[in-house]
Amino acid sequence: MQEMIKHLAELYGPAGREDRVAAYIRDIMEPLVDEVYTDTMGSVVAVKRGSAEGKKIMLAAHMDEIGVMITDIDEQGFLRFSNIGGISPFTLIGQRAEFADGTIGVFGFEKLDDMKDLKLNKMYIDIGVSSREEAMAKVNIGDSAVIHRECIIQGQRVIGKAMDDRIGCAVLIETARRLENSPHEVYFVFTTQEEVGLRGARTAAYSVDPDYGIAVDVTATGDTPEAHRMAVSLGKGAAIKVKDSSVISHPLVKNLLVNTAKAKGIAYQMEVLERGGTDAGSIHLTRSGVPTGAVSIPCRYIHTPGEMVDLGDIAACVDLLVAALEGPWE
Ligand code: CO
Ligand code: ZN
């Protein structure tokens, strides 16, 4: 699983360009489930059939990551860009951009009297060329780049870009691998375009039409120096979402997850995320409404190249999902 996590995290896959992540996941999922298909929006849907008494349960983790998109190229070949998803200019200083063809660039910024004035429009990407023509041979307007960063596993901790939400994809894959005795029809959905507005999950949930939904994504923690107060810590188990800015978890799903964790002795913590959303935000508003909750992987430094998660928390999330899916719903 560690090799898979590292590979998933390092893949190129900004919102709208999830194809490589999708291809990798399809190959892994095909032998684990009864059916795999890719929908119009590019989401990968893997179905494990259940029995007649079972419910239809949709799990969702997003394949896309934040990134930047080229908006303009100047005479000297410097690339201007805008954001794909929530990206702070400060996290880009000193980082490298990676384009789909492997071209690497460096994020630079204009001279500023006050660093507080740093905005994305004061920044550029330098791919080491000296003219627009030279640049255009490698990069075009509308091309997307992600942050280039190796994924490191150090003790119990995984550090890298795109833990949000490739680690959720890894949790879904591992859950599918471990799930043996579920009465339910389980849809493992690897969604697209979450970072730009929970878009792939919206259409996937409409077509799957589930009885229940569970999003699996990262959540913030409150356990670093002078952190914003939040009762979630790295290494203290699966986080069961109560609320974020996209969803208030349905009590039925939330309570089922809490009761399952208690019954099976799985480490868990309650999550109230004050800013940020997940695919649960789209799923629960599908058709006439879907009871939806979320299992979150605690993550420090979200939307930076150093997103950090804990292998014990990942295991707890898998244990919780497997146990919940093997038990009765309602
Ligand atoms: Co995110
Ligand atoms: Zn996410």
Side-chain angles (χ1 to χ4, degrees), residues 1 4-5 8 18 21-63 165-192 194 200-217 238 240 250 252-253 256-257 260-261 263-264 266 278-280 282-284 286-287 290-297 314-330:
M1 188 183 182
M4 176 180 76
I5 291 172
L8 274 168
E18 300 87 351
V21 186
Y24 179 71
I25 288 174
R26 278 193 72 126
D27 282 350
I28 297 177
M29 290 301 284
E30 254 149 26
L32 303 178
V33 296
D34 299 302
E35 187 194 352
V36 181
Y37 61 90
T38 302
D39 73 10
T40 312
M41 293 281 286
S43 297
V44 174
V45 183
V47 193
K48 211 165 171 146
R49 308 247 175 257
S51 62
E53 343 42 293
K55 296 286 174 185
K56 200 194 268 190
I57 302 173
M58 172 175 168
L59 306 186
H62 66 92
M63 299 187 288
D165 185 29
R166 305 286 163 71
I167 201 65
C169 296
V171 166
L172 255 60
I173 291 166
E174 207 53 28
T175 300
R177 212 192 297 278
R178 289 253 315 272
L179 196 63
E180 279 170 2
N181 301 309
S182 178
H184 309 294
E185 185 162 68
V186 184
Y187 286 73
F188 300 88
V189 183
F190 302 87
T191 64
T192 54
E194 190 271 353
R202 192 189 308 182
T203 53
Y206 187 91
S207 78
V208 168
D209 193 15
D211 297 317
Y212 300 101
I214 302 176
V216 179
D217 204 339
I240 297 173
H250 195 287
L252 191 150
V253 179
L256 185 134
L257 291 168
T260 303
K264 302 282 176 181
I266 298 163
T278 63
D279 281 339
S282 277
I283 299 167
H284 82 296
T286 300
R287 297 178 187 251
V290 178
T292 302
V295 171
S296 305
I297 303 109
I314 295 160
C317 289
V318 174
D319 289 346
L320 177 55
L321 289 168
V322 170
L325 292 169
E326 287 184 343
W329 283 56
E330 284 179 337

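These numbers come from a predicted model, not from an experiment. Below, all heavy atoms of this structure are taken into account, side chains as well, without hydrogens, waters or symmetry copies.
For Y212, the ring-ring contact (aromatic ring centres under 6.0 Å, His included) test picks out W329, with sequence neighbours left out. Partners of D217 under the side chain to side chain donor-acceptor pair (under 3.5 Å) rule, at least two apart in sequence or in another chain, are H62. Residues meeting the side chain to side chain contact (heavy atoms under 4.5 Å, CB included) test with A323, sequence neighbours left out: T260, K264, I266. For T292, the side chain to side chain donor-acceptor pair (under 3.5 Å) criterion is met by no residue, not counting sequence neighbours. By the salt bridge (Lys or Arg N to Asp or Glu O under 4.0 Å) test, K48 is found to be paired with no residue, residues two or more places apart in sequence or in another chain being considered. With sequence neighbours excluded, the residues satisfying side chain to side chain donor-acceptor pair (under 3.5 Å) with D319 are R178. In this structure, the side chain to side chain contact (heavy atoms under 4.5 Å, CB included) partners of A46, at least two apart in sequence or on a different chain, are M29, V33, V36, F188. Here T175 pairs with nothing under the side chain to side chain donor-acceptor pair (under 3.5 Å) rule; sequence neighbours left out. R177 is linked by a salt bridge (Lys or Arg N to Asp or Glu O under 4.0 Å) to E174, counting only residues two or more places apart in sequence or in another chain. With sequence neighbours excluded, no residue satisfies salt bridge (Lys or Arg N to Asp or Glu O under 4.0 Å) with D211.
Remark: K56 does not engage D209 in a salt bridge, criterion side-chain N to carboxylate O under 4.0 Å.
Taking 4.5 Å as the limit, every side-chain heavy atom of D279 sits out of range of all side-chain heavy atoms of V189. Side-chain contact check for L179 versus V186: some heavy-atom pair is nearer than 4.5 Å. A heavy-atom distance below 4.5 Å is found between the side chains of M1 and I314. Between I25 and L8, some side-chain heavy-atom pair lies under the 4.5 Å cut-off.
Between C317 atom SG and I240 atom CD1 the span is 9.0 Å, to the nearest 0.5 Å. Atoms CG and CG, from L172 and L32 in turn, are 11.5 Å apart once rounded to the nearest 0.5 Å. The OG1 atom of T286 sits 9.0 Å away from the CZ atom of R202 when rounded to the nearest 0.5 Å. Taken to the nearest 0.5 Å, the OG atom of S207 stands 8.0 Å off from the CE atom of M58.
H184 places no side-chain N or O within donor-acceptor distance of the main-chain N or O of P328, the cut-off being under 3.5 Å. Of the possible polar contacts, one joining the R166 side chain to the M63 backbone as a donor-acceptor pair under 3.5 Å is found. Listed for the S182 side chain is a donor-acceptor partner under 3.5 Å among the backbone atoms of L325.
Screening residues 24-50 for ring-ring contact (aromatic ring centres under 6.0 Å, His included) gives H7-Y24 as the qualifying pairs, with residues at least two apart or on separate chains. Judged as a salt bridge (Lys or Arg N to Asp or Glu O under 4.0 Å), the pairs with a partner in residues 321-330 (not counting sequence neighbours) are, in order, K55-E330.
Of all heavy-atom pairs spanning G168 and I297, the tightest one is CA-CD1, 3.9 Å. Here the closest heavy-atom approach between residue G327 and residue P183 is recorded as O-CG, 4.4 Å. Between C169 and A61 the shortest heavy-atom distance is N-CB, 3.6 Å.
When each of D165, L59, I173 is paired with F190, the side-chain contact (heavy atoms from CB on, under 4.5 Å) condition holds for I173 and for no other.
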